[in-house]
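Only heavy atoms go into these numbers, but all of them, side chains included; no hydrogens, no water, no symmetry mates. All residue numbers refer to positions in the sequence shown, counting from 1.
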Amino acid sequence: MSGNGTSHEDVIPPGSNKRQRTSGMYRRKRAVAACQQCRIRKTKCDNARPVCGFCQKNQGQCIYPDGGPNDYSAFDPASLAILDRINHVVNLLETGSLVGPGEVHQEPSPCSLPNPAPLNTTVTSISQQPICEDDDLPRLDDPDFAASTCSCESILRWPIFKDVVSDARPFIFESGSGIDSFTEFRGLESGRLGRGVQEDDFIPLSKKFLAYVHVKNPILDLADFRAHVKEASENGLRWDSQSCLVLIACALACLSSPFHRDVTTNGTPDSNKSLSVTSVDQATASSYYLAAKKRLGLLETSILQVQCLFLCGVFEMYSLKPLQAWTYFNQASVSFRNLVWMRTQRGIGDMVESQRLEQRLYWSCMKSELEIRSEIPLPSSGIARFDYPDLFPSPPSELASPVEQSQSFDGLPTDIEPEEERSWFYYLSEISYRRILSRAFVILRRDGEEGWIRHIEQTIKQCEDLDDQIKAWCSHIPPPINMDHWEMSSNELAFYVRNRLVSGREWIRRPMVYYLIHQPPDDPYVDRARPLADMGLNLCVDLLVQVDYHHRHHGSWFVARTATARSLILLAAARSGHFSMPPRWKEAVNVARNILHHWSSEAPDLQRAATVLDNIASDAGLSFPLDGF
């Protein structure tokens, strides 16, 4: 699915009890007259107007809760529209119940999507009410708690599987694919060296990187990046951070390709293939990556160093090596904290654009680390506890909004550019979604599976409330990445947003599925839980039969993991005999098998997961030919 800046003047409906907020995830002290920055940092504010002493010293934006004058002249209309959209949805999500008095919570169909609201030009501020008033959010720093939220191993520990699964240790540790087991791509192992590092390729590869990779995590300043590429292309590589950044970007470009979705997708392996089967050059990608890593250890702490570390993590995710990716995301997070701390201690202000780069790096590092830790029990870098003052990253001062181009970039025309406006809508939507999901993790996993049964009535209410929040998030997704007619579109970002929606709605229903599997049919709450559980199973099937797993991207490993989890849920439900199973559920399980076998040659942990899934399917009496039904 899958998710955070600048505050603006809030438009609050009459009679509303909204409070304003300083942070979407972290508890903050309140100071009646302090500006927003000092309140967030928990420091004494001298209350100087229009800019307090701290904000003046650090060149920060000084905003007072009493509605003091704010200057938005530096923001262009596209930036204001982005902030308006994302702030509006946050305000909606955090006002409490989204179901009005007398309204009945209704279950929509698995794929029904609200119509996106039109873009407004009024800029609203971010509410000051915490997105989760629980004191439990730090529990996400606990490796076991974080990994229990949605990993497939946590489902294998359900009592329904106790007779067929004796050990549910993390596949990645059991398979021996650890951090110290780095192996090069198959291309190098077979003797194919690829093109190697070629200066003439820097510019075309950088365009691929911007179009297919940067668009999902816009952590770079485009003007600076183009200058670095031009310098390296004209004058050769050096042993500095600029050359390291160019090399890692070129390595990622060699693994990336355009996304096209077959509108005739019907769940079979052939129809699930992307129309554009542009082969990735793994051997050449490895050459660029190794050249970048030779420079990585020479870099001192800087924005460029953090960018390089983060992109190395992205490269490892493209290579289906999540443990190696986690080490780089972890290092990037620690380096970022050190960088900001040193700048603050020295009292050195920074340019606005540098602050915006910091914002993006903060949210990208935190989000990427948490995503991996939600699947593998790994320690946190502590970045989630870092009191970084900005709620959402600010868009660039000038957003390019080029005319939408064809998604077919095979010929690499000279005018390839990332669609920055769409990219920023997607990026901010991802951050807001991640915040909602983190809140859901804490609320629903607080007492584990036992709590789902012990407090079933409360769990049902929480599921319904969270579903309303996810649907509200979806209904305010901006038009450039909305999901209308997504099945007829090759819009990769809209496709991922749609998957975020369905994935979130499926996850919050897992407690209902667990409850019905493990409780007797005459339990008094079965009738209330069943519609939610049935919808959860339908969403599992929908997500599996519609998945496009041939396209390599940052989340390919996550696709395989979540597919495994959903197929296990379907098998658990069938094994219990307490459900009328949804149509095509067997096909959905086989799609999960195909996904695991497709990537297993590159990821030993996925090979282990495939073996476990095959054994459970066989025990359930299912027998599938690989790549067929």
Side-chain angles (χ1 to χ4, degrees), residues 17 19 24-27 92-108 129-140 142 144-151 154-155 157-160 374 433-474 501-540 565 569 572-573 576 578-579:
N17 291 323
R19 292 179 294 164
M25 295 181 69
Y26 316 112
R27 191 166 180 165
L92 285 177
L93 295 179
E94 295 164 14
T95 54
S97 175
L98 297 176
V99 180
E103 295 182 31
V104 179
H105 182 278
Q106 297 180 346
E107 279 291 344
Q129 179 183 355
I131 193 168
C132 182
E133 297 193 358
D134 304 299
D135 293 327
D136 293 340
L137 278 171
R139 294 189 66 184
L140 290 174
D142 178 356
D144 292 327
F145 181 84
S148 70
T149 54
C150 53
S151 67
S154 66
I155 297 171
R157 300 186 190 105
W158 288 7
I160 191 72
S374 296
Y433 174 82
R434 174 53 55 183
R435 289 150 56 85
I436 296 170
L437 205 59
S438 294
R439 178 176 183 266
F441 286 164
V442 169
I443 291 175
L444 291 178
R445 292 292 310 184
R446 183 183 291 110
D447 299 317
E449 286 88 350
E450 298 81 5
W452 294 345
I453 292 179
R454 189 165 61 249
H455 309 298
I456 182 59
E457 186 172 13
Q458 179 184 8
T459 303
I460 292 173
K461 180 63 167 61
Q462 290 168 342
C463 173
E464 293 172 344
D465 289 345
L466 288 168
D467 194 43
D468 288 333
Q469 293 189 20
I470 292 173
K471 287 187 290 184
W473 169 82
C474 169
L501 165 73
V502 183
S503 296
R505 298 187 66 214
E506 181 272 316
W507 187 86
I508 62 175
R509 286 165 171 76
R510 289 188 187 181
M512 303 298 105
V513 177
Y514 180 92
Y515 181 80
L516 261 66
I517 287 174
H518 298 100
Q519 288 298 100
D522 59 350
D523 185 273
Y525 285 96
V526 162
D527 289 341
R528 285 190 60 189
R530 183 168 298 282
L532 294 168
D534 288 342
M535 178 61 67
L537 296 182
N538 281 316
L539 292 172
C540 284
I569 291 172
S576 72
H578 295 168
F579 292 85

- Reported CD-to-OG1 distance for the pair Glu464 and Thr459, which is rounded to 0.5 angstrom: 11.0 Å
- Kindly give the heavy-atom pair with the smallest separation between Pro520 and Val526, and that separation in Å. O-CG2, 3.7 Å
- Message: Can a donor-acceptor pair be found, under 3.5 Å and without considering hydrogens, that links the side chain of Ser151 to the backbone of Ser148?
- Response: no
- Item | Minimum side-chain heavy-atom gap Glu506-Met535 below 4.5 Å | no
- Message: Applying salt bridge (charged side-chain N to carboxylate O under 4.0 Å, His left out), can you list everything that pairs with Arg445, at least two apart in sequence or on another chain?
- Response: Glu449
- Message: List the residues meeting side chain to side chain donor-acceptor pair (under 3.5 Å) with Glu457, not counting sequence neighbours, and say none if there are none.
- Response: Tyr525
- Query: How far apart are the closest heavy atoms of Pro511 and Leu444, and which atoms are they?
  - Reply: CG-CD1, 4.4 Å
- Apply side-chain contact (heavy atoms from CB on, under 4.5 Å) to Asp527 and list each qualifying residue two or more places apart in sequence or on a separate chain. none
- Message: Do the side chains of Asp534 and Arg509 get close enough for a salt bridge, i.e. N-O under 4.0 angstrom?
- Response: no
- Between Leu532 and Val513, is any pair of side-chain heavy atoms under 4.5 Å apart? no
- Message: Looking at every non-hydrogen atom in both residues, tell me the closest pair between Ser374 and Cys150 and how far apart they are.
- Response: O-SG, 3.6 Å
- Item | Flag side-chain contact, heavy atom, 4.5 Å: Trp473 against Leu501 | yes
- Task: Measure the NE2-CD1 distance between His518 and Ile453 for me, rounded to the nearest 0.5 Å.
- Result: 7.0 Å
- Task: Kindly write out the residues that satisfy side-chain contact (heavy atoms from CB on, under 4.5 Å) with Ala572, not counting sequence neighbours, or none if the list is empty.
- Result: Trp158, Ile160, Phe161, Ile517
- Query: Taking atom CZ of Arg505 and atom SG of Cys474, what is their separation to the nearest 0.5 Å?
  - Reply: 8.5 Å
- Query: So do the side chains of Met512 and Ile456 get within less than 4.5 Å of each other, counting heavy atoms only?
  - Reply: yes
- With a 4.5 Å heavy-atom cut-off, do Ile508 and Gln462 have their side chains touching? no
- Message: Please give me the minimum heavy-atom distance between Gly504 and Leu437, naming the atom from each residue.
- Response: CA-CD1, 4.5 Å
- Shortest non-hydrogen separation from Pro159 to Tyr514 and the atoms involved: CD-OH, 3.6 Å
- Note on the structure: ring pair (Phe, Tyr, Trp, His ring centres under 6.0 Å) filter on Phe441, not counting sequence neighbours, yields Trp507
- Residues which pass salt bridge (charged side-chain N to carboxylate O under 4.0 Å, His left out) with Arg157, listed by chain and number, not counting sequence neighbours: none
- Heavy atoms, side chains only, cut-off 4.5 Å: are Ser438 and Leu140 in contact? yes
- Message: Minimum heavy-atom separation for Phe145 and Val442, please, with both atom names.
- Response: CZ-CA, 4.2 Å
- Task: Begin from the C-alpha positions of Trp452 and Cys463 and carry the test side-chain contact (heavy atoms from CB on, under 4.5 Å) through to its verdict.
- Result: CA-CA 11 Å; Trp452 294 345; Cys463 173; over 6 Å; no
- Can you name the ring pair (Phe, Tyr, Trp, His ring centres under 6.0 Å) partners of His578, sequence neighbours left out? none
- Task: Would you verify whether the NZ or CZ of Arg530 falls within 45 degrees of the ring axis of Phe579 while also being under 6.0 Å from that six-membered ring's centre?
- Result: yes
